[in-house]
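In listed order, ligands and their atoms are each counted from 1.
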Amino acid sequence: MPQNSESESRKLLGRLRTLMAEEAAGQARLDRIVSLTADSMGTEVCSIYLFRDEETLELCATEGLKAEAVHQTRMRLGEGLVGRVARSGKVVNSADAPSEPGFRYMPETGEEIYSSFLGVPIQRLGEKLGVLVVQSKEKREFSDDELYALEVVAMVLAEMTELGIFVGEGAAMKARHQQPVMFRGTTGQEGTAKGHVWLHEPRVVVTNPIAEDPETESQRLNEAVETLRVRVDDMLDGARGGDTEQLQVLEAYRMFANSKGWLRRMEEDIARGLSAEAAVEKEQSSARARMAQVPDAYLRERLHDLDDLSNRLLRILTGQGQETGAEMPEDPILIARNIGPAELLEYDRKLKGIVLQDGSVGSHAAIVARALAIPLVVHAARITDEALNGDVILVDGDQGIAHLRPDDTVIAAFNDKIAMQAEAQQRYASIRDKPATTLSGETITLTMNAGLMADLPSLEGSGAEGVGLFRTELQFLIRNQMPRRTELAALYAHVMKAARGQRVVFRTLDIGSDKVLPYMKPTDEPNPALGWRAIRVGLDKPGVLRMQLQALIRAAAGGPLSVMFPFVAQYEEWRAARAEMDKALERERILGHPLPSRVEVGSMLETPSLAYASKRFFEEVEFLSVGGNDLKQFFFAADRENELVRRRYDTLNLSFLTFLELIVERCAQSNTRLSFCGEDAGRPVEALCLAAIGFRSLSMRPASIGPVKHLLMRSDLNAVKAVIDGARASGEQCVREAVMDYLRSSSN
Ligand code: PEP
Ligand code: MG
């Protein structure tokens, strides 16, 4: 391509635009693009390779290679130079392609005679769609201007692919966003839901990647950037005096919005023939590529801000997005990359299900989804690329699977599953008001875990006998600023009232590790799970703990109060925390506030060390609650948040069960009330084994109470205990199989 690249690439884009405006079938369009590009770039070959599936690329159109190879030649991701471009997302520019490492020629294409190779990825906002290649016989490296021109063609191709322009009669490729796709993720919250996609951040579709008049486009861009700046300034004004973290983010937004480099790069792209939208998207794509390579988390966050800003700018330019007042579909299923707990709460109970592309099982969004009992799948890779607003989607929270645009057989199977679950729900409803008394005569107290106002209706519906664990930190996590004492007191009073005299065990603030308050300066710790968290923070900086204890005492308003401390690892911590409670009571007495009729103070048992604490500890605590989530992570040294190891060790491993038996034994010796409140308490088989080894109180998410009670009422704990002891005697590592065999045989 001759030097004056700006006008040359504009000419090329102009020709592309004319071509796009013509009526043509999909394949014919692709064919014309390759011949036009080869002609403009002065190369003998131009080819388009598109993904057939995640691992395979297919030659879909070519100028210069043998025509019979089209739709025949395929290569795997990483194979040859084309595969290398596809895998790495990076350009390959070589004067002597056959000498490049990994070069592999496809004899059926006749490409062996070409020496130079320039390949660029076809991608849209980080989503890989294929590879665009030019080749020539002459040995030469392509210039930066030529590379630019090819990248722009690739970008236009990506936009057009999104628009489905190559689909239809003589289709060059499968239609996008029309095929059924199954996403295999991870369970965040069990349950099933059927509904329609509601994208938390709708995809912006750019219908006009190429523009006729750069001046108009530049003006549109400048106006949109101005609107964006005003909006960011407004947001900043609104946020002043509030939360500093949010202010910092907005300051960063403003810095980007005013950045000359950002605007200049986009204007350059417009000068070369792109529309304002396409220029924003091109800049956004390269920011995303940079983002993927930045090792520093802080910088990555800042680039993420830029990504968000580009989205806002695109919405302003295209008039698409949330601000357009699009209506939520019937039975909305929320699809998002990730979502914060407060944003999720804003949707209230409208959502039928949630599928997150990222997210994690322990994230706050997952906690909120659980409180709202909304089926949730996390780690559904690429779902935000595939799903469109209004698409039919089935969420199988039990299996961690989502079926997007399912076919009829999948829908039928899913309907069967929903019907079966409805039947089970009816069964659970019929035992809701009965005690969980086993066949061998033991009655197990089943309470629920809670932490949000959204949990409270479940107190009634689930048959819970009170709240065994109220995670007070959730109220802190969903806010932008530290709640005030009066606010907390009102909230706790509300919870106690909703419990109608049943016991509510309030756990003091358990922050640190995965639970980071948005308005507290994060401490940079090498290993937060083993770091400054929970009661360690509460004792070192007692201000918040004291405020919270005071709020709890006031909320009790002369009634009974149960409080427990999280993450106590040794006697001394318990003693100091208990002393804080005594001091708080004394202070309230002096101030003339009514004291609770009875104060019951206990501790979580979440570190193995505490199981071996002195007798004095077991005698002093009024109750203990085993936090199985943390206890298990420290027992097996396996991070509860890490997908690679999270499921590696079974709760029914006999080492762990034997350890839990020791805790039961120690509590029995000192007559200490004991319960179990980790996630395992809500899994029927695990709950049964816990009851069999002596736990008489289990606290779980409300939806688990029915299934756990149902199994307990049909079981003989002595027999289950015998199975556990038998497995231990015969040297088994884990008792799951033996218990499952027993359950199968006893149900026959
Ligand atoms: C636990 O660790 O088991 C527990 C109940 O506490 P959390 O899950 O809030 O850490
Ligand atoms: Mg814990």
- Query: Any salt bridge (charged side-chain N to carboxylate O under 4.0 Å, His left out) pairs touching residues 431-460, not counting sequence neighbours?
  - Reply: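 Qualifying pairs: Glu460-Arg500.
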Enumerate the atoms of ligand 1 whose separation from the nearest heavy atom of [X] is less than 4.0 angstrom.
X	result
Glu606	1 (C), 2 (O), 4 (C), 6 (O)
Gly678	3 (O)
Leu469	5 (C)
Gly628	3 (O)
Gly627	1 (C), 2 (O), 3 (O)
Arg471	4 (C), 5 (C), 6 (O), 7 (P), 8 (O), 9 (O)
Asp630	1 (C), 2 (O), 3 (O), 10 (O)
Cys677	5 (C)

- Whether Phe636 and Phe656 hold their rings parallel, tilted or perpendicular, with breakpoints at 30° and 60°: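 Ring orientation, 0 to 90° scale: tilted.
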- Query: Taking atom 8 (O) of ligand 1 as the point of reference, which of Arg640, Glu473, Glu679 owns the nearest heavy atom?
  - Reply: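 Of the listed residues, Arg640 has the closest heavy atom.
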- Item | the Mg ion (ligand 2) to nearest N/O/S of Asp510 below 2.8 Å |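 Here the distance criterion (N, O or S atom, under 2.8 Å) is not met by Asp510, so no.
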- Task: Report the part of Arg533 in contact with ligand 1, treating N, CA, C, O as backbone and CB onward as side chain, heavy atoms under 4.0 Å; options are side chain, backbone, both, neither.
- Result: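 It is neither; nothing of Arg533 touches ligand 1.
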- Query: Does Gln633 approach ligand 1 within less than 4.0 angstrom via side chain, backbone, both or neither, non-hydrogen atoms only?
  - Reply: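 The answer is neither; Gln633 stays 4.0 Å or more away.
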- Query: Between Glu661 and Lys721, does at least one N-O distance fall below 4.0 Å, as a salt bridge requires?
  - Reply: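 Looking at Lys721 together with Glu661, the answer is yes, because their closest N to O distance falls below 4.0 Å.
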- Task: Using the side chain to side chain donor-acceptor pair (under 3.5 Å) rule, collect all pairs that involve residues 608-617, keeping only residues at least two apart or in two chains.
- Result: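 Checked against side chain to side chain donor-acceptor pair (under 3.5 Å) - neighbours excluded - the pairs reaching residues 608-617 are Thr607-Ser609.
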- Query: More than 12 non-hydrogen atoms from neighbouring residues, nucleotides or ligands closer than 6.0 Å to CD on Gln421, yes or no?
  - Reply: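 Yes, the 6.0 Å shell around CD holds more than 12 heavy atoms from other groups.
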- For Phe623, is the NZ or CZ atom of Arg503 found under 6.0 angstrom from the centre of its six-membered ring and inside 45 degrees of the ring axis?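 Yes, Arg503 lies over the aromatic ring of Phe623.
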